[in-house]
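Both counts, for ligands and for their atoms, begin at 1 and track the order of listing. Reckoned from all heavy atoms, side chains included, excluding hydrogens, waters and symmetry mates. Bear in mind the structure is a predicted one, so any value in this text is a computation, not a measurement.
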Amino acid sequence: MKLSHKISKLAEPLTYRRAWRRAQRSIFPLPVEPLAASIDQDRLREIQRRYAGSLSDYAKYADVDRWLRINRNRVQDLKLHRSPPKHVLDLGCGGGFFLFILKSLGHSVLGLDLDQFPLFTELLDLFGVERVVWRIKALEPLPDLDQKFDWITAFSINFNLHYPAERLWGSAEWDFFLHDLQRHLAPGGKIFFGLNPTFGGGYYTPGLHDLFLKRGAEVERERIFFGKGLRF
Ligand SMILES: C[S@@+](CC[C@H](N)C(=O)[O-])C[C@H]1O[C@@H](n2cnc3c(N)ncnc32)[C@H](O)[C@@H]1O
């Protein structure tokens, strides 16, 4: 990278925020080795053997070490390794890596996802993470979950697509969803979304960025954080 480009990148708030997050991860570490060591290695190796030759895009999640590290960073960035025990709901929880780490730290966790990829079911089982099987649909409420959550998270979101058209949700769908999430949030609860870039590389439909701000979020490109609940 050219020096001038490096300097101009330093001036960007996004670059600062990322650097600050990286620095905080070093200051308040969360080693993955003890987490990995607590997993049944024989069972894990057997799962990995079966998915080694798989052509499915989702077979990449059998690389548990890599995904533990990615999710360790997520836990650190939300400061959940420095928090008293919380009730956490993770939407689109996949194989449950994020929740497995939280559970190991003493949090009480619940995942919600489709039952579409057998590998995810096997990993959730391996990690001892409970999942509610549910398809999130535009303009339809989530099921009753019999508890309120201090945190609701969703990473690498792709439930925000209309099928089969694969058109991104707009503000109306998101606002319905946020109102519905409010039902599941404990007083003082927080919400974090990590959006996925879409086919054209964008994250937002028109007006969506403003909607997140209006509802009380801090928005940093794909990172949407409601640190003080939702504002209606
Ligand atoms: C890209 S994966 C991310 C998994 C996990 N959050 C992570 O970051 O490792 C997207 C997840 O969302 C789930 N998903 C997609 N559409 C969904 C829907 N309509 N309702 C619930 N889950 C959905 C998928 O099954 C998958 O587990």
With respect to Cys93, determine whether any N or O atom, backbone or side chain, lies less than 3.5 Å from an N or O atom of ligand 1. no

Counting from 1, what ligand 1 atoms have a heavy atom of Arg74 closer than 4.0 Å? 7 (C), 8 (O), 9 (O)

Indicate yes or no for a side-chain donor-acceptor contact from Lys103 to the backbone of Val129 under 3.5 Å, with no hydrogens or angles considered. no

Considering only protein heavy atoms, which is closest to atom 19 (N) of ligand 1, and at what distance to one decimal place? Ile136 O, 2.9 Å

Lys NZ or Arg CZ of Arg82 over Phe28 ring: under 6.0 Å, within 45°: yes

Of the options Phe155, Trp151, Phe226, which is the one that meets Phe192 in a ring pair (Phe, Tyr, Trp, His ring centres under 6.0 Å)? Phe155

Among the clusters formed by ILVMFWY side chains lying less than 4.5 Å apart, do Phe97 and Tyr58 turn up in the same one? yes

In Arg43, Gln48, Arg50, the residue satisfying side-chain hydrogen bond (donor to acceptor under 3.5 Å, both in side chains) with Glu46 is Arg50

Quick one: do Phe98 and Leu119 end up in the same hydrophobic cluster if we chain Ile, Leu, Val, Met, Phe, Trp and Tyr together by side-chain heavy atoms under 4.5 Å apart? yes

To the nearest 0.5 Å, atom CG of Leu161 lies from atom CD1 of Ile136 at 11.5 Å

Element-labelled atoms of ligand 1 that are located less than 4.0 Å from some non-hydrogen atom of Trp134: 20 (N), 21 (C)

Show which atoms of ligand 1 fall inside a sub-4.0 Å distance from at least one heavy-atom site of Phe117. 25 (O)

Compare every heavy atom of Phe120 with every heavy atom of Gly95, then report the nearest pair and how far apart it is. N-CD2, 3.2 Å

Atom 2 (S) of ligand 1: nearest protein contact (heavy atom, Å): Tyr61 OH, 3.8 Å

Mind running side-chain contact (heavy atoms from CB on, under 4.5 Å) on Leu30 and Leu105 for me, showing each step along the way? CA-CA 10 Å; Leu30 175 58; Leu105 293 169; 4.0 Å; yes

Distance from atom 1 (C) of ligand 1 to nearest protein heavy atom, with residue and atom: Ser156 O, 3.5 Å

Heavy-atom nearest option to atom 13 (C) of ligand 1, drawn from Leu112, Asp113, Ile70: Asp113

State the atoms of ligand 1, each with its element, that fall below the 4.0 Å cut-off from a heavy-atom position in Phe120. 26 (C), 27 (O)

Candidates Phe155, Phe159, Tyr58; heavy atom nearest atom 3 (C) of ligand 1 found on Phe155

Just need the protein heavy atom nearest to atom 5 (C) of ligand 1, so name the residue and atom and give the distance. Gly92 O, 3.3 Å

Are any of the N/O atoms on Asp90, whether in the backbone or the side chain, positioned under 3.5 angstrom from an N/O atom of ligand 1? no

Could you list the atoms of ligand 1 found under 4.0 angstrom from a heavy atom of Asn158? 10 (C), 11 (C), 12 (O), 13 (C), 14 (N), 15 (C), 16 (N)

Within ligand 1, which atoms have a heavy atom of Arg135 less than 4.0 Å away? 19 (N), 20 (N)

